[in-house]
Amino acid sequence: MHSQASAAAEKAVVAPYGSWESPISAAAVSAAGRTVEGLAVAGDGRLLWVETRPEEGGRAVLVKEAAEPGGDAVDVTPEGFAVRSLAQEYGGGAFAVQGDVVVFSNYSDQRLYKQTIGDNSAQPLTPDYTGSVLRYADGVFDPHFCRYVTIMEDHRKDSSNPVTTIAAVTISDRDANEPTVLVSGNDFYAFPRIDPIKRRMAWIEWSNPNMSWDKAQLWVGYFSEKGEVHNKICIAGGDPTLVESPTEPKWTSKGELFFITDRESGFWNIYKWDEESNLIVQLYSLDAEFSKPMWIFGVSSYGFLGKDDTSNKINGRSCAGVLDHDSGSFSELDIPFSSVTNIVSGDGFFYVEGASATLPVSIAKVTLDEKRKTATNFSIVWSSSEDVMQYASYFSLPEFMEFPTVVPGQKAYAYFYAPHNHIFQGSSDEKPPLLVRTHGGPTDEARGVLDLGVQYWTSRGWAFVDVNYGGSTGYGRKFRERLLGQWGVVDVNDCCSCATFLVETGRVDAQRLCVTGESAGGFTTLACLAFRQIFKAGNRKAYFERSPINFVDRFSCPIILFQGLEDTVVSPVQATTIYKAIKDKGLPVALVEYEGEQHGFRKAENIKFTLEQQMVFFARLVGHFKVADGITPIKIDNFDEPSFIPKEAFAYLLFWLGLRPVAAPYGSWRSPITADVVSGADKRLGGIALAGDGRLLWIEGRPEEKGRMVIVKEDDKPVDIIPQEFAARTLAQEYGGGAFAVKDNVVVFSNYKDQRLYKQSTKTGVPVPLTPDYGGPDVSYADGVFDPHFSRYVTVIEEPKVLISGNDFYAFPRIDHNNKRMAWIEWSHPNMPWDKSELWVGYFSESGDLTKRVCVAGSNPMLVESPTEPKWSPKGELFFITDRGSGFWNIYKWVEHTNEVISVYTLDAEFTRPLWVFGISSYGFLGESNHIVFSYRQHGRSYLGVLDSDIGSVSLLDTPFTDLSNVVTGNDYFYIEGASATVPMSIAKVALNEDRTKVVSFSIIWSSSSDVVQYSSFFSAPEFVEFSTSSTGQKAYAYFYPPSNPNFQGLPDEKPPLLVKTHGGPTAETRGILDLSVQYWTSRGWAYLDVNYGGSTGFGREYRERLLGKWGIVDVDDCCSCARVLVESGKVDERRLCITGRSAGGYTTLASLAFRDTFKAGASLYGIGDLSLLRAETHKFESHYTDNLVGNENAYYERSPINFVDKFTCPVILFQGLDDKVVPPDQARKIYKALKEKGLPVALVEYEGEQHGFRKAENIKFTLEQQMVFFARLVGNFKVADDITPIKIENFD
């Protein structure tokens, strides 16, 4: 016993977690690192197995069970040989036995050899091709033709893309013979299994891009007289309507074919082929896995005793049992193993490879009673660590955990091991550090079995969690497929969620979370460190965007890497590239490279060194403890030489060491949410539609391509539809929208540069122009639809054939697919479409002209309403949304034969939003049914539901989105744009149950910022604020975001500065969703307020009309009132109130600065300074908008900030696009000139090529940074942490 431990024989010694002494040393772990790589029963009924020996450099040796119980096992493989295949790199299935003859694959040359058990010589069966260019695995003896049938992998022509076949090797001759190919043509083969009765063979095959567990096929072929395979039959996996992955075919002694597949239930269960009817019969059904993914050859999950013995996995543990396949009865066997892998059977007994929480990986012989229902004897034949029980008092038992993921209602699983050492205990005021292990694969599974590599940590005072993230096996296909298209997202989220769950339940220290992983688990580890802020240290688009090497700038904690130099699965270049990049960044990093090691370390000395160096690395960098073992640490770059640590890395050192947040002035905090990050996350959606194949098309705006709008199609990897030189964007009504439509596989879109309409296939191609070239963008098109009756495209604005004209504006031309009629919305000056509009229906003549027209809604002079979004149901009924009566936009239906409008569903909530852009789609019909998917907005958030329009019943749907916009529908699924306080603007696919009342799956297919969750620890959550306005008894609303940064806190005697944002429109709404441009401010120590002043939408017509005649008064008063409420409640600093706004929000900003004294500085982004000039110069759509908002001529003058420059008393910065036709550049220039002449600090930034709203990444970034540094210099009283070069400020610099 250690000296420290001996003093604590009766009472546990209190010592820091991580510093405890333990006899489970790294040497003990490496000595227990033996593994099994295959089992088989020899002719005399004794077991053969392959064991790997770390103490022999990882050599794999074939061993035979002792002749007598308690005797010594015998090595079969001669010295100089090793039984290991390199097929598919991972190997497995390296030997087979018949009687006393063994055929095996030799590691050094990969040739097949034949050996008689007991004879120390081995005869080569295959030629020497000088190197391991031909590899063999998963072989079986063929009793019909005296040969060995095997998987053959041929690297001779292409080492990176070898040819895989099923081949036969003669075993009767003394000479080595060239293998004969039996089956070829597919990418991969496995499990060649020969019927002992008839001349036929079963096998599994699959092709790229599938893995064997995604989709595979089971075939049977019959041997000719010469031994060739002919008359092939696909038994399972050939049905294109049924996704399954059959595996493990086996013939009974009677010649019946059994196999395992996951058809229908999604769980691998046992089936049988009925040859006579060519039908598949399920033998036993259970929501459990009877097999595992075929990473290596030679998997054997069941075997025949005359009946079947088998294992299955359910609820995180394995069960072994015997299945009577005639009666279908299953008898579970009571054995000590809780995890079972391979099984081979004899007569009345079987051997099983397994383990438990207290037994290491072992092989046991299980003897059964006569009825073969009960185990009468269980004896360990082999153990990976025979002396492990000497450490039993130190063992931490695994706790099977179920924890919530980031997807509401969804669970994932893990095994948690608490710190345990009977000699030591932690102090009551300390929680243990946590090491999270991410398993490899990633299609693999962590199992709660005794692993000294885990106990090494827990016995020293670490908590340890082994995560089965979404995508792991053992829980069925649905769980496994959570990772499809989401590797680097779901696995990372689940590991972070599990760690967070353990922190929140008080079990581990949030400041000492570390993560480790091998192979694919190493990718998850690196992705956690690159894209999340959960872990403090680690050891290891879609391809680009999820590759940590491309985002080294986002790493912020120490990393140690271990790499085998002969690894052909993950090239050593990966580790050296990561190492160099992180070293150059200045982060603590170390790299250990091992000569002679491949993918997975096999040598005892390397296993030991890896474990020890991880421990001491974590202890030195984040642990707060001294490791008890005498370990000499390797050099850590940028840590063992502190003088070389850059300032930025040093600034995070306190965070790495897990100390409390640093107190620093508000506004000066350092944040990873940079302006670059914000501009990169500013992708915009420009519309969604469903193609004929049921997949989604959408338009996304890309700041990195200078705001180009691209049509993208859903696929495994989303595909750009339109060529690089095109952009799908219309300038109709300046704000655009509705720039494309799709029918089947044809898309029509408006091209930005020339505004012409083009037709193109959804499978990419060359766009064909549909409209004339007018020599410039003089004619714009929007909101178009395909007309199935006349093979044409009907669109708003101008077409070669005019269908409707005479009013000022039109929108939503929607054609009934059942009858020749069309609905549309129209309105006239001075109204906007949300003030007053009309819904019409027209009937087509035989020539396609509109003849008879009926006004459905909006024409009653006694009823003010604004109908919108007409849609024809599959039955040809017209639905639409209007705000008649209640003042809230609700869903209605037109009864044609009576020309009546009836309410479908009534609620004091908004079921749509104002028509600023074309193409809005707030609801849709599910297939041919009467069910309508809709969303509505109430009390500051959105709700999603399904309405049965026949009976009026509504089922609300539970999704992660709290903010919803456009929806397009399929049969029992739909796509929806949405967001929440933690999810950025995204598109999700939502599948429903048969009743269409509940969500059965929710998957994000597009995100404006797919990697945003890495910043989640910095996010400030919005608080929905209701505040009193200047009108007695009246309320208005806002979202307040307090400062938030896990690394910093404000000074004790200081309150944060406040930035108030005034939204545009002004008939629009701000929403409490994740917006990195907000978090940019809050993560640096600013409070932020987003105001829905009177006149905003989302609260009904009465609220919206507060602004009529009062623009520049109500909005200004409400913004000032809300800021004062926050001052009075002690949340913000009254001396540092700033305001910003865009477009109409820029006007409210300037009016607030001119006519109130609440704010100390402001920023106007393409804001309005002169209302009269706006009315004179703006575009047609808004040319009379201000008449309703402002009122008489005197009000135009009195409320224009440009006329009252003398009332400005604080600094202003202005940003303006020079191509802006909504608010021309003269507005900003006039304000700038006047304020400069007055002597106030002022700056003006003008952007070439920008219009009304900035779309280019560099301009988005510059605007954000210059606002921040402007406010900091003028009113902030702090120094910005970012390195920003400020522009010149007139009258200040």
Side-chain angles (χ1 to χ4, degrees), residues 408-409 688-697 714 742-743 785 788 812 814-819 823 839 856 867-882 888-896 900-907 909-913 919-938 942-978 987-1003 1005:
I688 56 178
L690 215 56
D693 59 4
R695 288 187 288 174
L696 191 71
L697 297 181
E714 177 188 9
V742 62
K743 185 176 187 294
V785 291
F812 296 110
R814 297 297 181 258
I815 297 171
D816 179 7
H817 283 224
N818 299 311
N819 298 295
L839 167 61
V856 173
T868 186
E869 289 198 63
K871 291 189 179 182
W872 298 96
S873 76
K875 299 176 183 178
E877 296 175 305
L878 180 62
F879 287 71
F880 62 99
I881 294 175
T882 191
F888 287 92
W889 275 310
N890 283 193
I891 301 178
Y892 288 76
K893 182 172 77 170
W894 175 48
V895 181
E896 183 179 17
E900 289 181 311
V901 170
I902 60 173
S903 173
V904 177
Y905 191 69
T906 302
L907 192 66
E910 300 282 48
F911 282 71
T912 189
R913 59 193 185 279
I920 291 172
S921 179
S922 305
Y923 69 103
F925 298 94
L926 285 167
E928 298 298 314
S929 75
N930 55 352
H931 289 83
I932 299 173
V933 175
F934 65 86
S935 70
Y936 66 80
R937 194 143 181 91
Q938 190 177 53
S942 297
Y943 297 86
L944 181 66
V946 175
L947 166 67
D948 185 326
S949 61
D950 284 347
I951 63 176
S953 66
V954 164
S955 302
L956 290 182
L957 304 178
D958 184 19
T959 73
F961 290 158
T962 58
D963 182 89
L964 302 162
S965 47
N966 292 318
V967 62
V968 293
T969 53
N971 186 39
D972 56 358
Y973 66 92
F974 58 91
Y975 294 89
I976 189 153
E977 297 175 26
I987 305 173
K989 183 176 183 179
V990 183
L992 303 175
N993 62 354
E994 287 186 12
D995 295 334
R996 293 167 173 157
T997 57
K998 291 183 180 178
V999 173
V1000 295
S1001 72
F1002 176 95
S1003 56
I1005 68 159

What is the minimum heavy-atom distance between [X] and [Y], and which atoms define it?
{"X": "Ser935", "Y": "Ser965", "value": "OG-O, 4.1 Å"}
{"X": "Ala689", "Y": "Leu696", "value": "O-CD1, 3.3 Å"}
{"X": "Tyr975", "Y": "Gly694", "value": "OH-O, 3.5 Å"}
{"X": "Leu947", "Y": "Ile891", "value": "CD2-CD1, 4.4 Å"}
{"X": "Val967", "Y": "Ser922", "value": "CG1-C, 3.6 Å"}
{"X": "Ala823", "Y": "Pro870", "value": "CB-CB, 4.0 Å"}

Are the side chains of [X] and [Y] in touch, meaning some heavy atoms are under 4.5 Å apart?
{"X": "Thr959", "Y": "Pro408", "value": "no"}
{"X": "Glu877", "Y": "Trp894", "value": "no"}
{"X": "Val946", "Y": "Val954", "value": "no"}
{"X": "Val990", "Y": "Ile976", "value": "yes"}
{"X": "Phe888", "Y": "Phe911", "value": "no"}
{"X": "Lys893", "Y": "Ser949", "value": "no"}
{"X": "Tyr936", "Y": "Glu910", "value": "no"}
{"X": "Phe974", "Y": "Leu944", "value": "yes"}

Atom [atom1] of [X] and atom [atom2] of [Y]: how far apart are they, to the nearest 0.5 Å?
{"X": "Leu992", "Y": "Tyr973", "atom1": "CG", "atom2": "OH", "result": "11.5 Å"}
{"X": "Asn966", "Y": "Ile920", "atom1": "CG", "atom2": "CD1", "result": "7.0 Å"}
{"X": "Leu878", "Y": "Tyr892", "atom1": "CG", "atom2": "OH", "result": "14.5 Å"}
{"X": "Glu977", "Y": "Ile987", "atom1": "CD", "atom2": "CD1", "result": "5.5 Å"}
{"X": "His817", "Y": "Trp872", "atom1": "NE2", "atom2": "CH2", "result": "11.0 Å"}
{"X": "Lys998", "Y": "Leu957", "atom1": "NZ", "atom2": "CG", "result": "11.0 Å"}

Stepwise side-chain contact (heavy atoms from CB on, under 4.5 Å) check, Leu926 with Asp972:
CA-CA 6 Å; Leu926 285 167; Asp972 56 358; 6.0 Å; no

What do the steps show when you test Glu896 against Val856 for side-chain contact (heavy atoms from CB on, under 4.5 Å), and what is the final call?
CA-CA 9 Å; Glu896 183 179 17; Val856 173; over 6 Å; no

My understanding is that only residues two or more places apart in sequence, or in another chain, count here; which of them pass side-chain hydrogen bond (donor to acceptor under 3.5 Å, both in side chains) with Asn971?
Arg996

In terms of the angle between their ring planes, are Tyr905 and Phe934 parallel, tilted or perpendicular, with boundaries placed at 30° and 60°?
tilted

Quick one: sort the Phe961 and Phe1002 rings into parallel, tilted or perpendicular, breaks at 30° and 60°.
perpendicular

Answer yes if the ring centres of Phe880 and Phe812 are under 6.0 angstrom apart, and no otherwise.
no

Donor + acceptor pair across side chains of Ser955, Thr997 (<3.5 Å):
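No pair is found: no donor N or O on one side chain lies under 3.5 Å from an acceptor on the other.
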
From CA spacing to verdict: side-chain contact (heavy atoms from CB on, under 4.5 Å), Val933, Tyr923
CA-CA 5 Å; Val933 175; Tyr923 69 103; over 6 Å; no

Kindly say whether Leu964 contributes a backbone atom to a donor-acceptor pair with the side chain of Ser942 at under 3.5 angstrom?
yes

Which is it for Glu869 and Phe879 under the side-chain contact (heavy atoms from CB on, under 4.5 Å) test, yes or no, and what are the steps along the way?
CA-CA 8 Å; Glu869 289 198 63; Phe879 287 71; over 6 Å; no

